[in-house]
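Take a look at the structure below.
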Amino acid sequence: MIGSGEHDEVAEICRDLIRIDSSNWGDGSGQGERAAAEYVAGELAECGVQATILESAPKRANVLARITGTDPTLPALLVHGHLDVVPAVEDGWRFPPFSGEIADDCVWGRGAVDMKDMDAMILAVVRRWARDGVRPRRDIVLAFLADEEAGGRHGSHWLVDHHPEQFEGCAEAISEVGGFSVTLANEARLYLIETAQKGLAWLRLTARGPAGHGSMTNDGNAVAALVDALGRLTAHQWPVRLTPTVRRLLDGVADTLGLDPATPPDDIVRHLGPLARMVGATLRNTAAPTMLDAGYKVNVVPAAATAHIDGRFLPGHEEEFMATVDRLLGPGIERETVHHDIALETGFSGDLVSAMVSALRAEDPEAGVLPYCLSGGTDNKAFARLGIRGYGFVPLRLPPDLDFSGMFHGVNERVPLAALRFGARVLDRLLVAY
Ligand SMILES: [Zn+2]
């Protein structure tokens, strides 16, 4: 297993990666992922793993490598992490966000949990294998990706479209936003493995009407029509729709806390502390208005008014979502989809799930392990196009009081050193045994 020397190595790699500013501004500005990709390829080369850097555009670099397993009859496992991070400005940070400071037993900086922690864990494990002459049973395909924070057009989606051969034989994948621990009020510790993701429907709504003087009557005022429609949409109480994943999670939490099985879903979710905001969004479809635009002068009624809606639908509930939105908007409001991506859901069963649970329990025997649905999306959506079944599994044993989900894209993003070392040990166990 990973010994004390490697304990430090995972932290050092995480710190090194944070110090390489790979901010993704979404508009092609910035340094891209090239420097981070070269660092990763260098770390792999040092332990004899030949990596390929594939650029989708200048500096938008992806790193691919395959570690050949001992049993060629087994399907390959894809282990992927993104190299880009969302931008960070220094306001409100205790340490500069790209300093990779190690203080208070944490590595601090942009990417510490999203997701240079996992990138570092993967590299630490592979380097340990090289030193100890370990080979996994199945082929492990490593992918360090560009552009996740802007939808993967230069990363996962581009690779799926242009280099599907890199993923030959991969049946399953593990990556970000799952495998972390949550501590409940009774001190029980649960690890949540992501087995589902909501889909997304980003919508542009437009109302049109006669332009004219603001002092005169105007029966078809576009601004008024849009605001009315938004009022109906935001007042709507979306009904609870429990997918199998969410049902299993709620049953597990209720059981762990000894709650009445008839406790309403929203009340069970409240027991998850800061994570409740995210898990609460997976009880139902949601449609959040995020942008508004109309008019140019106070005494001129404009001919059009627009709004953007961040719509998120549960697996199996896309049609219901769209039909509900259209009914609430009513006639006269144009609705266009500006971006769409699929929802995902897979069962909490099978050999990989068993292996993830075993690897966690080997390092934390008391732990409960449950599936959950992510309210957002990850690169697993792109790989689903190749038929690859993806899970969120970045194992982290976290202190009870850490607002983990609040650190994604937040200030003072940091990962405890102990959690990073724990994660490297669990990942090592999983990848060797599976
Ligand atoms: Zn991420």
Side-chain angles (χ1 to χ4, degrees), residues 13-14 17-18 20-26 30 32-33 36-37 40 60-63 78-88 97-98 100 107-123 142-160 173-180 192-200 274-275 277-279 281-282 310 312 339 341 344 372-384 388 390-396 398 402-415 419-420 423 427:
I13 297 171
C14 185
L17 282 168
I18 289 169
I20 302 171
D21 181 352
S22 53
S23 294
N24 187 346
W25 294 84
E33 298 82 1
V40 167
R60 308 311 303 271
N62 301 275
V63 185
L78 170 62
V79 181
H80 61 96
H82 60 83
L83 292 173
D84 61 326
V85 293
V86 291
F98 299 99
V107 187
W108 297 67
R110 178 58 83 225
V113 299
D114 186 14
M115 63 174 293
K116 288 175 170 174
D117 55 342
M118 176 67 159
D119 296 334
M121 283 154 49
I122 298 167
L123 290 170
L142 304 179
F144 298 87
L145 302 165
D147 201 32
E148 193 277 339
E149 298 292 0
R153 199 162 51 90
H154 293 296
S156 57
H157 281 288
W158 180 81
L159 287 164
V160 166
I174 59 169
S175 189
E176 64 180 326
V177 212
F180 53 88
L192 305 188
I193 295 177
E194 183 238 293
T195 57
Q197 301 183 357
K198 289 176 94 173
L200 53 104
L275 201 63
R277 292 178 61 222
M278 202 263 274
V279 174
T282 65
D310 184 353
R312 308 281 177 151
H339 185 63
D341 213 336
L344 299 175
Y372 89 103
C373 175
L374 181 65
S375 62
T378 70
D379 283 325
N380 276 335
K381 289 190 196 299
F383 295 116
I388 298 172
Y391 298 87
F393 190 70
V394 176
L396 293 173
L398 298 170
L402 190 77
D403 177 7
F404 181 64
S405 57
M407 259 187 264
F408 283 73
H409 303 191
V411 297
N412 289 325
E413 185 177 345
R414 62 195 183 279
V415 63
L420 210 46
L427 191 66

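Since the model is a prediction, treat every value here as computed from it, not as a measurement. Worth knowing before you read on, the calculation uses all heavy atoms, side chains too, and leaves out hydrogens, waters and symmetry mates. Read the numbers this way: they start at 1 and go in the same order the structure lists the ligands and their atoms.
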Item to complete: Using the six-membered ring wherever Trp is involved, compare the ring planes of F404 and F180 and label them parallel, tilted or perpendicular (cut-offs 30° and 60°).
Response: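 Taking F180 first and then F404, their aromatic rings sit tilted (interplane angle of 30° to 60°).
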Worksheet entry | CA sep, side-chain torsions, deciding dist, call: I13, M121, side chain to side chain contact (heavy atoms under 4.5 Å, CB included) | CA-CA 8 Å; I13 297 171; M121 283 154 49; over 6 Å; no
Worksheet item: Partners of D403 by side-chain hydrogen bond (donor to acceptor under 3.5 Å, both in side chains), sequence neighbours excluded?
Response: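 Listed in chain order: nothing, the list is empty.
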Item to complete: Might you point out which heavy atoms bring G410 and R110 nearest each other, and give the distance in Å?
Response: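 Looking at all heavy atoms of both residues, the shortest contact is O-NH1, 2.8 Å.
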Item to complete: Determine how many protein N/O/S atoms sit closer than 2.8 Å to the Zn ion (ligand 1), leaving waters out since they are not shown.
Response: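 For the Zn ion (ligand 1), the figure is 3.
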Fill in: Sidechain N-carboxylate O distance under 4.0 Å for D310, R312
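So D310 pairs with R312 through a salt bridge.
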Practice prompt. Taking atom types as modelled, find out whether H82 and D114 have a side-chain donor-acceptor pair closer than 3.5 angstrom.
Written response: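 Checked: H82/D114 side chains pair up, N/O donor to acceptor below 3.5 Å.
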